[in-house]
Asker: 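Structure in structure tokens, see below.
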Amino acid sequence: MIRYYAYYSVGGYKDLYLGNNEMNEQATYYLPLMAIWRKKAESNPEYARKLEECTPLPKIKVATINDMFGLPQKAADYFVHGGYKELLSKLSDGECVLIIRDLENNQKDDSGRNIPFLFAFVADTPQDASILIRIAAYAAARMKKTTRFLSDSLGYDAQYNGLRFNLKEVNEWVAKTASSYPAEIAYNRGIKALNVDGPGVHFISIPKGLTAEYVFGEIGEPIVKEAVFTLSGLYDASDKEMRTKAMKEAEAYKKMRLYKHIGIIGASAASVSALLIWYFTHKQ
């Protein structure tokens, strides 16, 4: 099973359990006004009708300390950290977590500013973890499309006067993406197969200008070798031209490293030679 969560501002930020990929409902809803309608329904037929319509709807749950609705505590800890855009992690209990941050809330604050939110996927089986790997690879290369899609999956529903999550659309997107996108990252070092073998952070993308050391300090979690990527340096691994570009840049990088290494060795040899000449000259 893959469960969906969001750290979303709706009457203040809340940890929301949105649903999972085994549910068949069209959408789930967060309806904070139902308590008011319940009171008014006793004397007002209009509110009684609204309450009757909304009661059977599948609900978005608010996670609390007493009931996290399956959200792992370590995943919740990731929510409050900064310095990254996307993170794929294997937890010590075997669950796999994919988080994408700084999504645009379709609502605005009182000053007309965007209210960012976070979306999280949690997989509890190896088969579902393999799906998250492909979703992570897709999002890394197509971040604008991914953030737009996830942003549009949550929004205000005028009919029920609450928050609606388009569960069916997200389930279809997850299934389609996992069946069509490779579990690979293309970047200027070539092509990297993405996996979640063993606990730790296996992929993390950061904005240009931040350092891996800063991210490590924020996450407070072991990060496997070669897991940190610059967001702007990722290519579409499903595109033949982009794959070719990644391989060419990787080859150029290797040559640069080789020339640099040869240069260092050459400089060192010249220094040793000069030192020996100086020694024997002054010895005489």
Side-chain angles (χ1 to χ4, degrees), residues 2-9 13-18 63-65 68-105 114-126 128-144 146-147 150-151 183-189 192-234 237:
I2 297 176
R3 304 186 300 278
Y4 309 126
Y5 300 88
Y7 182 59
Y8 193 90
S9 179
Y13 276 103
K14 297 175 176 63
D15 292 327
L16 302 177
Y17 171 49
L18 306 171
T64 66
I65 295 177
M68 298 288 284
F69 293 100
L71 178 65
Q73 183 57 56
K74 176 52 69 175
D77 292 343
Y78 289 149
F79 288 9
V80 299
H81 288 299
Y84 70 93
K85 178 66 177 180
E86 181 184 2
L87 178 149
L88 177 68
S89 178
K90 177 77 169 291
L91 305 181
S92 58
D93 64 0
E95 290 191 305
C96 189
V97 178
L98 171 62
I99 296 174
I100 300 176
R101 297 178 65 253
D102 296 330
L103 303 173
E104 182 177 330
N105 188 327
N114 292 330
I115 306 173
F117 75 98
L118 171 154
F119 197 99
F121 307 78
V122 177
D124 56 14
T125 69
D128 290 322
S130 67
I131 292 175
L132 285 200
I133 290 172
R134 293 175 182 270
I135 299 297
Y138 175 94
R142 303 181 184 181
M143 184 55 70
K144 287 185 178 180
T146 302
T147 54
L150 293 177
S151 293
E184 295 176 326
I185 300 295
Y187 67 126
N188 61 359
R189 299 292 185 272
K192 174 183 170 63
L194 193 58
N195 63 64
V196 287
D197 297 338
V201 175
H202 289 263
F203 174 86
I204 184 167
S205 63
I206 59 177
K208 189 175 182 179
L210 292 183
T211 64
E213 289 76 15
Y214 172 78
V215 174
F216 291 177
E218 283 289 297
I219 298 301
E221 185 79 356
I223 299 182
V224 302
K225 185 179 180 182
E226 297 180 353
V228 179
F229 295 81
T230 301
L231 185 60
S232 60
L234 296 163

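Keep in mind that this is a model prediction, so the values were computed, not measured.
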Asker: Report yes if some heavy atom in the side chain of Phe79 is under 4.5 Å from a heavy atom in the side chain of Asp77; otherwise report no.
Answerer: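 No, every pair of side-chain atoms sits at 4.5 Å or beyond.
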Asker: For Glu104, does its backbone N or O pair with a side-chain atom of Ser151 as donor and acceptor, under 3.5 Å?
Answerer: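 Between the backbone of Glu104 and the side chain of Ser151 there is a qualifying donor-acceptor contact (under 3.5 Å).
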Asker: May I ask you to check if Arg101 and Tyr84 form a cation-pi contact, with NZ or CZ under 6.0 angstrom from the six-membered ring centre and within 45° of the axis?
Answerer: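 Positive - Arg101 is close enough to the ring of Tyr84 and near enough to its axis.
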Asker: Quick check against the 3.5 Å criterion: does Glu184 have a side-chain atom that pairs as donor or acceptor with the backbone of Ala237?
Answerer: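 No; zero donor-acceptor contacts below 3.5 Å.
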Asker: Does the side chain of Leu118 reach to within under 4.5 Å of the side chain of Leu103, using non-hydrogen atoms?
Answerer: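 No, their side chains stay 4.5 Å or more apart.
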Asker: If every non-hydrogen atom of Ile133 is compared with every non-hydrogen atom of Ala183, which pair is closest and at what distance?
Answerer: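 Shortest heavy-atom separation between Ile133 and Ala183 comes out as CG2-CB, 3.6 Å.
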Asker: Are the side chains of Val97 and Leu88 in touch, meaning some heavy atoms are under 4.5 Å apart?
Answerer: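 No - every pair of side-chain heavy atoms lies 4.5 Å or more apart.
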Asker: Please tell me if the side chains of Ile204 and Val201 come closer than 4.5 Å, counting only heavy atoms from C-beta onward.
Answerer: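 With C-beta onward as the side chain, the pair touches.
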Asker: Could you go through the side-chain contact (heavy atoms from CB on, under 4.5 Å) check for Lys14 and Tyr8 one step at a time?
Answerer: CA-CA 6 Å; Lys14 297 175 176 63; Tyr8 193 90; over 6 Å; no
Asker: Heavy atoms only: give me the nearest Val215-Ile206 pair and the separation to one decimal.
Answerer: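 Looking at all heavy atoms of both residues, the shortest contact is CG2-CG2, 3.2 Å.
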Asker: Output, in order, the C-alpha distance, side-chain angles, deciding distance and verdict of salt bridge (Lys or Arg N to Asp or Glu O under 4.0 Å) for Asp197 and Lys90.
Answerer: CA-CA 8 Å; Asp197 297 338; Lys90 177 77 169 291; over 6 Å; no
Asker: For a quick test of reading the model, state the closest non-hydrogen atom pair linking Phe203 to Ala140 and the distance between them.
Answerer: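 For Phe203 versus Ala140, the nearest heavy atoms are CZ-CB, 3.6 Å.
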Asker: Would you say the side chain of Leu87 lies within less than 4.5 Å of the side chain of Ile219, judging by non-hydrogen atoms?
Answerer: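 Touching, per the 4.5 Å side-chain cut-off.
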Asker: Is the distance between the ring centroids of Phe119 and Tyr5 less than 6.0 Å?
Answerer: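 No: the rings miss the under 6.0 Å criterion.
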Asker: Any chance you could measure Phe69, atom CZ, to Leu18, atom CG, to the nearest 0.5 Å?
Answerer: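 That separation rounds to 12.0 Å.
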Asker: Enter the distance from Leu194:CG to Ser130:OG here, rounded to the nearest 0.5 Å.
Answerer: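 Answer rounded to 0.5 Å: 11.5 Å.
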Asker: Where do Leu71 and Tyr17 land on the side-chain contact (heavy atoms from CB on, under 4.5 Å) test, with the steps shown first?
Answerer: CA-CA 8 Å; Leu71 178 65; Tyr17 171 49; over 6 Å; no
Asker: Hey, are the side chains of Met143 and Ile100 touching, using non-hydrogen atoms and a 4.5 Å cut-off?
Answerer: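 Result yes, sub-4.5 Å side-chain heavy-atom pair found.
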Asker: Taking Asp102's backbone N and O only, do any of them form a donor-acceptor pair with Lys85's side chain (distance below 3.5 Å, no angle check)?
Answerer: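 At least one qualifying donor-acceptor pair exists.
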Asker: Calculate, to the nearest 0.5 Å, the distance between atoms CG and CZ belonging to Leu98 and Arg134 respectively.
Answerer: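 Nearest 0.5 Å value for the CG-CZ distance: 14.0 Å.
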Asker: Verify whether the ring centers belonging to Tyr13 and Tyr7 lie closer than 6.0 Å.
Answerer: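 Judged by ring-centre distance (under 6.0 Å), Tyr13 and Tyr7 do meet the cut-off.
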Asker: Does Thr146 reach the side chain of Tyr138, with side-chain heavy atoms less than 4.5 Å apart?
Answerer: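 Contact flag for Thr146/Tyr138 side chains = yes.
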Asker: Side-chain contact, heavy-atom cut-off 4.5 Å: Val122 with Pro72?
Answerer: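 Yes - at least one pair of side-chain heavy atoms lies under 4.5 Å apart.
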Asker: When rounded to the nearest 0.5 angstrom, what is the spacing between CG in Leu234 and NZ in Lys192?
Answerer: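 Answer for the CG-NZ pair, Leu234 versus Lys192, is 12.0 Å.
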Asker: Can you tell me if Arg3 uses its side chain to pair, donor with acceptor, with the backbone of Phe121 under 3.5 Å?
Answerer: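 No.
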Asker: Considering non-hydrogen atoms only, spot the tightest contact between Tyr187 and Gly233 and give its length.
Answerer: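 Nearest heavy atoms, Tyr187 then Gly233: CB-O, 3.4 Å.
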Asker: CZ of Arg142 to OG1 of Thr147: how many Å apart, nearest 0.5 Å?
Answerer: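 Reported to 0.5 Å precision, the distance equals 13.5 Å.
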Asker: Counting N and O atoms only, with roles assigned by atom type, does the side chain of Ser9 sit under 3.5 Å from a partner on the main chain of Ile115, one being a donor and the other an acceptor?
Answerer: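 No, the answer is negative, given that no donor and acceptor are paired below the 3.5 Å cut-off.
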Asker: Could you go through the salt bridge (Lys or Arg N to Asp or Glu O under 4.0 Å) check for Lys74 and Glu221 one step at a time?
Answerer: CA-CA 10 Å; Lys74 176 52 69 175; Glu221 185 79 356; 3.4 Å; yes
Asker: Can you tell me how far apart CG (Asp124) and CD1 (Ile2) are? Round to the nearest 0.5 Å.
Answerer: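 Going from the CG atom of Asp124 to the CD1 atom of Ile2 covers 8.5 Å.
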Asker: Closest heavy-atom contact between Tyr214 and Gly83?
Answerer: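 Tyr214 and Gly83 have their closest heavy atoms at CE2-CA, 3.9 Å.
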Asker: Determine whether a donor-acceptor pair (N or O, by modelled atom type, separation under 3.5 Å) exists between the side chain of His202 and the backbone of Ser89.
Answerer: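 Judged by distance alone, no pair lies under 3.5 Å.
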Asker: Grab the two heavy atoms, one from Leu231 and one from Ser205, that are nearest each other, plus how far apart they are.
Answerer: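 Result for this residue pair: CD1-OG, 3.8 Å.
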